[in-house]
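The structure appears below as structure tokens.
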Amino acid sequence: MDVMEFFQRSAGRWRSQRATHHLAFRRAELGDSCIEVLSLMPHDSRIVALCELHGIDPALAVGGSAVQWLGAMGWDREGEGGHEGQTAFAIVPDAQDPHQGRLLRERGYAEIVPVVGRYSMDSDEGLVLTTDYETMSAQERFWFADDSVRFRTSTVKRFGGFSTTSFCAEVRISQDSTRTHLPQGSALSLWGW
């Protein structure tokens, strides 16, 4: 499987359950979210805009994804808004090896800034994303148990030693990937919460 096949297989709506371990505090936190993933073709305006944002020729991109999410974590205070947002990714394979390359983001995993990370497809058809930020680094691995179950692990290391690890089990709730755009407005209305 190549990286674009992985992103296309991820298209649809998912329910995600997360366990996050805050190693410095020696505490764990549980969370739940809904995620919608839309596969994007190379000519999509969001892919072109991401390439231009990062100074990369859009002709090198093979596609990507748009992602929208809404979630809640165990430590959230009552009355606080949920964890919601949206972002887009563009995939730019290395010329010598398309199983690895750059992943352009408008919003990073660990810091909310535009960032360029690295992706690679491992020998078990898992997608590994590595991103270095100004004050931390993040590594994520995604893999499928089958077409309706996906797993994800992540490790965030802050320079100075503070780390967070997470494990997510994601179950597909819909495979509707026929849209060309995610709905506008609040993710709350998307999930009916």
Side-chain angles (χ1 to χ4, degrees), residues 3 6-7 10 14 16-37 40 46-58 60-61 64-77 79-94 97 99-122 126-143 150-170 182 186-187:
V3 68
F6 191 96
F7 274 74
S10 295
W14 298 83
S16 178
Q17 294 185 311
R18 173 191 304 247
T20 299
H21 300 274
H22 302 273
L23 302 179
F25 303 123
R26 296 183 183 177
R27 292 190 62 189
E29 178 183 26
L30 300 178
D32 189 39
S33 60
C34 287
I35 302 166
E36 183 165 9
V37 180
L40 302 178
R46 290 163 284 192
I47 299 297
V48 173
L50 274 169
C51 289
E52 290 173 349
L53 173 68
H54 293 289
I56 294 171
D57 180 0
L60 299 175
S65 288
V67 181
Q68 186 170 358
W69 65 90
L70 170 65
M73 294 299 290
W75 291 359
D76 290 347
R77 293 188 182 125
E80 285 184 344
H83 300 269
E84 68 179 284
Q86 57 187 2
T87 191
F89 308 96
I91 302 163
V92 180
D94 289 348
D97 182 2
H99 284 88
Q100 61 182 4
R102 293 173 285 182
L103 185 75
L104 315 181
R105 303 184 197 199
E106 62 183 18
R107 173 188 176 129
Y109 172 79
E111 291 182 6
I112 304 173
V113 295
V115 67
V116 177
R118 296 283 305 164
Y119 78 82
S120 62
M121 295 297 300
D122 65 23
L127 174 65
V128 178
L129 307 178
T130 304
T131 310
D132 292 320
Y133 300 92
E134 195 170 307
T135 62
M136 65 188 76
S137 65
Q139 185 171 48
E140 302 169 85
R141 183 177 187 272
F142 299 77
W143 71 99
R150 188 174 79 167
F151 296 111
R152 176 166 39 123
T153 60
S154 66
T155 303
V156 177
K157 296 179 184 177
R158 295 189 186 276
F159 302 129
F162 176 81
S163 294
T164 304
T165 62
S166 297
F167 174 80
C168 298
E170 300 172 340
L182 294 174
S186 171

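Here the structure is a predicted model, which is why all the values come from computation and not from measurement.
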Might you point out which heavy atoms bring [X] and [Y] nearest each other, and give the distance in Å?
| X | Y | value |
| --- | --- | --- |
| Gly64 | Phe7 | C-CD2, 4.2 Å |
| Phe6 | Met121 | CD1-CE, 3.9 Å |
| Ile47 | Phe89 | CD1-O, 3.3 Å |
| Ala90 | Leu50 | N-CD1, 3.7 Å |
| Ile35 | Ser16 | CD1-CB, 3.8 Å |
| Glu106 | Ala88 | OE2-N, 3.3 Å |

Quick one: pull up [atom1] in [X] and [atom2] in [Y] and give me the separation to the nearest 0.5 Å.
| X | Y | atom1 | atom2 | answer |
| --- | --- | --- | --- | --- |
| Leu127 | His99 | CG | NE2 | 11.5 Å |
| Ser163 | His21 | OG | NE2 | 13.0 Å |
| Gln68 | Glu36 | CD | CD | 6.5 Å |
| Trp14 | Cys34 | CH2 | SG | 12.5 Å |
| Glu140 | Cys168 | CD | SG | 9.0 Å |
| Gln17 | Ser33 | CD | OG | 9.0 Å |

* When the ring planes of Phe167 and Trp143 are compared, do they come out parallel, tilted or perpendicular, using 30° and 60° as the limits? -> tilted
* side-chain contact (heavy atoms from CB on, under 4.5 Å) between Lys157 and Gln139, intermediate numbers included -> CA-CA 9 Å; Lys157 296 179 184 177; Gln139 185 171 48; over 6 Å; no
Would you say the side chain of [Y] lies within less than 4.5 Å of the side chain of [X], judging by non-hydrogen atoms?
| X | Y | value |
| --- | --- | --- |
| Ser137 | Thr130 | no |
| Thr153 | Thr165 | no |
| Leu104 | Leu53 | no |
| Pro93 | Tyr119 | yes |

* Between the main-chain N or O of Arg105 and the side-chain N or O of His54, is there a donor-acceptor pair closer than 3.5 Å? -> yes
* Asked: Asp94 and Arg118: side-chain contact (heavy atoms from CB on, under 4.5 Å), yes or no, with the steps?
  -> CA-CA 10 Å; Asp94 289 348; Arg118 296 283 305 164; 2.7 Å; yes
* Verdict with reasoning, Leu103 to Ile91, per side-chain contact (heavy atoms from CB on, under 4.5 Å) -> CA-CA 5 Å; Leu103 185 75; Ile91 302 163; 4.0 Å; yes
